[in-house]
Amino acid sequence: MSGPLGRRFDVVVVGAGVLGCAIAAELAQTALSVCVLEAAPDVAEGASKANAGITSSFYAPPPSIECELIGESNDGWEELCGRLNVPYRRIGALTVAFDDDGVRGLDELETQVRAAGVKVERVTGEQARRHEPLLTDECIDALYYPDEGIIDPVRLTWAYAELAALNGAELRFRAPVLDVARDGDGRLSAVVTPEDRIACRYVVNAAGIGSGALSALAGGEEIRMWPRKGQYWILDRDFGQTLSRIVLPVPTPTTRGIEVAPTTNGSVLLGPDAEEGGDAEDRSTSAGNLRKIFAETQRLVPTVSLDRAIKTYAGSRPAADEPVRLRFDARVDNLIHAGNRSTGVSTSPAFGRRVKALLADRGENTAARPDRVTSLPPVPRVLLEADPVTVLDRRPGDAMVVCVCEQVTAAEITAAVTSAVPARSIEGVRKRCRATGGRCQGSICMAGVILLTANAHGIDPGQVGMGPGGGSVGCG
Ligand SMILES: Cc1cc2nc3c(=O)[nH]c(=O)nc-3n(C[C@H](O)[C@H](O)[C@H](O)COP(=O)(O)OP(=O)(O)OC[C@H]3O[C@@H](n4cnc5c(N)ncnc54)[C@H](O)[C@@H]3O)c2cc1C
């Protein structure tokens with residue numbers, strides 16, 4: 001192990017995805033000092049930027065930790081998203097059956113959902129079409145889940161990171177953990193990045209697909225991990241505005257299925273499929289998979305049309321033999337595993353609270369600090385305002401719309417590039433406020449975004465790059 005001895009922290013969280021940031025946000029509100037180390041240059045670079053943004057009310061049957069964590073998170077979304085300015089809507093979902101096999105699948109699913117204590121209604125095809133008029137006539141039976149919701153998952157990740165930073169957590173990017181140090185009892189005493197050696201009392205392994213490698217590095221349990229890739233179409237909001245619910249088929253034992261899902265910014269996602277193995281960094285889409293996805297979703301909602309497609313993307317779920325991990329390591333006493341393959345967004349609030357509880361069980365003082373920050377300063381978002389003109393009149397400085405497709409003002413972009421965890425690239429701006437993410441994909445507004453970013457950071461416009469994903473952010 002090498003490197004200078006940097007600051008000492010109570011807790012080092014490895015990974016600035018939705019789980020690492022949620023955990024840091026929760027812990028930073030206590031007396032514990034927190035540092036987040038992220039290999040990538042920004043938050044939400046792994047699975048957290050390439051998912052569907054669905055806040056599931058049901059995924060795995062009880063008894064399971066996934067079922068518990070979803071239950072502990074689901075009721076609180078309105079309150080949390082209100083405090084953190086994260087777009088969220090509880091729109092409901094329909095799981096639909098086309099034939100007798102599907103109906104039997106719904107019977108089994110209904111039993112599981114009811115056992116989990118999740119709100120659900122069994123509805124006829126006709127009733128289901130009243131919930132979602134675009135639903136296919138082929139649907140003969142369905143389950144309606146009123147508590148299923150949609151969220152902006154990237155904005156959520158950033159908001160958790162902001163809250164953590166405003167409460168004193170240190171977030172370091174381009175800081176991959178490459179090594180660790182142990183004390184005489186085999187406990188972790190420090191982690192090592194290329195720049196620094198950071199002493200700590202606990203390490204939280206929220207490294208997504210990198211969790212197995214990190215555990216091995218720390219001398220912890222063997223965690224076998226592999227990517228489960230999923231691909232999507234994004235359809236423009238002129239179609240999205242006509243769809244009210246998430247529509248999905250009867251799930252299989254391994255996946256929830258390829259679905260039609262509105263996003264909080266008005267677009268619609270078709271996908272994802274599930275392909276095991278391969279390269280975790282591979283974010284390419286393929287014509288064959290996309291054709292299949294389109295055909296399957298067209299069966300659910302016949303009016304989906306590729307005339308409305310604005311983009312495709314892919315992301316990999318961090319799959320593992322134990323898909324949800326939230327516990328201390330069996331070998332290394334002060335290493336906590338925090339990982340989730342398929343419902344990391346939906347369970348993130350509970351992950352934060354449960355990690356805090358694990359530390360409280362070890363005798364740590366996890367009481368909330370009286371001076372903690374619990375909400376983020378609101379930034380008016382013209383697109384989401386019922387009466388945008390009034391907002392612009394009230395705040396004339398906001399009136400310059402830079403991104404026409406997503407109606408993002410200069411004020412929103414400035415907030416994104418000057419926040420506690422600021423955007424430094426075009427993709428970073430897109431993640432935080434959607435500018436460049438609409439139907440023109442930045443053709444009109446990119447110059448404005450670059451100038452505002454360069455001004456905020458005092459750099460030359462030529463130094464503002466696309467970002468690690470080449471400007472690609474999923475989730476519509
Ligand atoms: C196609 C798809 C659809 C999905 N749909 C949904 C959905 O609708 N709803 C839902 O709830 N969930 C969904 N998920 C699952 C959800 O995206 C994941 O559960 C969640 O993003 C996992 O978050 P994470 O923070 O654990 O991992 P990640 O977001 O992958 O973050 C891990 C981070 O750790 C960093 N890292 C790794 N190793 C190191 C190291 N050694 N040092 C420093 N940093 C390191 C990585 O760079 C990465 O940024 C979906 C996932 C996919 C791929």
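Whatever order the structure lists them in is the order used to number ligands and atoms, beginning at 1. Heavy-atom basis, side chains included; hydrogens, waters and symmetry copies ignored.
In Ala261, neither the side chain nor the backbone holds a heavy atom less than 4.0 Å from any atom of ligand 1. Residue Ala213 does not touch ligand 1, judged by heavy-atom distances below 4.0 Å. Heavy atoms of Arg228 found under 4.0 angstrom from ligand 1: none, in either backbone or side chain.
The shortest N or O to N or O distance between Pro318 and ligand 1 is not below 3.5 Å. Note: no N/O pair closer than 3.5 Å links Ile209 and ligand 1 by distance alone. Taking only nitrogen or oxygen atoms, main chain and side chain alike, Gly344 reaches within less than 3.5 Å of ligand 1. For the pair Val345 and ligand 1, the shortest N or O to N or O distance falls below 3.5 Å.
Contact atoms of ligand 1 toward Arg341: 15 (C), 18 (C), 19 (O) (distance under 4.0 Å to a heavy atom of the residue). Of all atoms in ligand 1, listed by their number and element, those nearer than 4.0 Å to a heavy atom of Arg317 are 51 (C), 52 (C), 53 (C). Taking every non-hydrogen atom of Val14 and a distance limit under 4.0 Å, the qualifying atoms of ligand 1 come out as 40 (C), 42 (N), 43 (C), 44 (N). Distances below 4.0 Å separate heavy atoms of Leu37 from the following atoms of ligand 1: 43 (C), 44 (N). Applying the 4.0 Å criterion to heavy atoms of Ser316 picks out, from ligand 1, the atoms 53 (C). Every atom of ligand 1 is numbered from 1 in the order shown, and the set under 4.0 Å from a heavy atom of Gly15 is 33 (C), 34 (O), 35 (C). Interface atoms of ligand 1 facing Tyr232, defined by a heavy-atom separation under 4.0 Å, are 1 (C), 2 (C), 3 (C). Each of the following atoms of ligand 1 lies closer than 4.0 Å to a heavy atom of Ile54: 7 (C), 8 (O), 9 (N), 10 (C), 11 (O).
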- [ ] Assess whether side chain to side chain donor-acceptor pair (under 3.5 Å) is satisfied between Ser215 and Glu222, documenting all intermediate values.
- [x] CA-CA 7 Å; Ser215 188; Glu222 185 186 343; over 6 Å; no
- [ ] Tell me, with the steps shown, if Glu38 and Arg172 meet salt bridge (charged side-chain N to carboxylate O under 4.0 Å, His left out).
- [x] CA-CA 6 Å; Glu38 168 55 54; Arg172 299 190 190 175; over 6 Å; no
Task: Chi angles and distances behind the side chain to side chain donor-acceptor pair (under 3.5 Å) call for Asp152, Thr264 - done: CA-CA 6 Å; Asp152 182 334; Thr264 50; 4.6 Å; no
Task: Criterion salt bridge (charged side-chain N to carboxylate O under 4.0 Å, His left out) on Glu276 and Arg228, from CA distance to verdict - done: CA-CA 4 Å; Glu276 306 282 342; Arg228 178 185 282 183; 2.6 Å; yes
TODO: Kindly determine whether Val14 and Val204 satisfy side-chain contact (heavy atoms from CB on, under 4.5 Å), including the steps that lead there.
DONE: CA-CA 6 Å; Val14 184; Val204 178; over 6 Å; no
Open item on the list: For a salt bridge (charged side-chain N to carboxylate O under 4.0 Å, His left out) check, start with the C-alpha distance between Glu45 and Arg174, then their side-chain angles and the critical distance, and finish with the verdict.
Closed with: CA-CA 11 Å; Glu45 272 308 311; Arg174 301 181 199 274; over 6 Å; no
- [ ] Quick one: do Asp329 and Ile336 satisfy side-chain contact (heavy atoms from CB on, under 4.5 Å)? Show the steps, please.
- [x] CA-CA 6 Å; Asp329 186 85; Ile336 295 175; over 6 Å; no
- [ ] Assess whether side chain to side chain donor-acceptor pair (under 3.5 Å) is satisfied between Glu364 and Tyr202, documenting all intermediate values.
- [x] CA-CA 11 Å; Glu364 299 297 335; Tyr202 295 93; 2.8 Å; yes
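Each of Ser342, Ser346, Ser64, Pro323 was evaluated against Tyr59; a single residue qualifies, Ser342, per the side chain to side chain contact (heavy atoms under 4.5 Å, CB included) test. Applying side chain to side chain donor-acceptor pair (under 3.5 Å) to Glu406 and the options Arg430, Arg237, Arg439 leaves one that passes, Arg237.
Residue Ile209 comes nearest to Arg317 through the heavy atom pair CD1-O, 4.4 Å, listed as atom of the first residue, atom of the second, then distance.
Judged by a 6.0 Å distance limit and a 45° cone about the ring axis, Arg201 is not positioned over the six-membered ring of Phe9. With Tyr160 as the aromatic partner, Arg155 does not meet the cation-pi criteria of under 6.0 angstrom to the ring centre and within 45 degrees of the ring axis.
Summary of contacts: the protein heavy atom closest to atom 2 (C) of ligand 1 is Ala50 O, 3.7 Å. The nearest protein atom to atom 22 (C) of ligand 1, hydrogens excluded, is given as Asn340 O, 3.7 Å; this is a heavy-atom distance. Looking only at protein heavy atoms, the nearest one to atom 44 (N) of ligand 1 is Ala39 N, 3.1 Å. Protein heavy atom in closest approach to atom 27 (O) of ligand 1: Gly208 CA, 3.7 Å. Looking at atom 41 (N) of ligand 1, its nearest protein heavy atom turns out to be Val177 O, 3.3 Å. The protein heavy-atom contact nearest to atom 37 (C) of ligand 1 is Ala207 O, 3.2 Å. The nearest protein atom to atom 50 (C) of ligand 1, hydrogens excluded, is given as Asn51 CB, 3.2 Å; this is a heavy-atom distance.
Relative to atom 30 (O) of ligand 1, the option among Ala314, Gly271, Ser342, Ala47 with the closest non-hydrogen atom is Ala47. Checking Ala319, Gly17, Ser48 against atom 23 (O) of ligand 1, the nearest heavy atom belongs to Ser48. Considering Glu45, Glu38, Arg172 only, the shortest heavy-atom separation from atom 46 (C) of ligand 1 involves Glu38. Atom 25 (O) of ligand 1 has its nearest heavy-atom neighbour, among Val43, Leu19, Val191, in Leu19.
Judged purely by atom type and a 3.5 angstrom limit, Ser316 has no side-chain atom pairing as donor or acceptor with the backbone of Pro227.
Residue contact annotation: Ser56 has no non-hydrogen atom under 4.0 Å from ligand 1.
The pair Asp273-Lys292 does not meet the salt-bridge criterion, since no charged nitrogen lies less than 4.0 angstrom from a carboxylate oxygen.
Heavy-atom neighbours of Arg114 CZ from other residues, nucleotides or ligands within 6.0 Å: above the threshold of 12.
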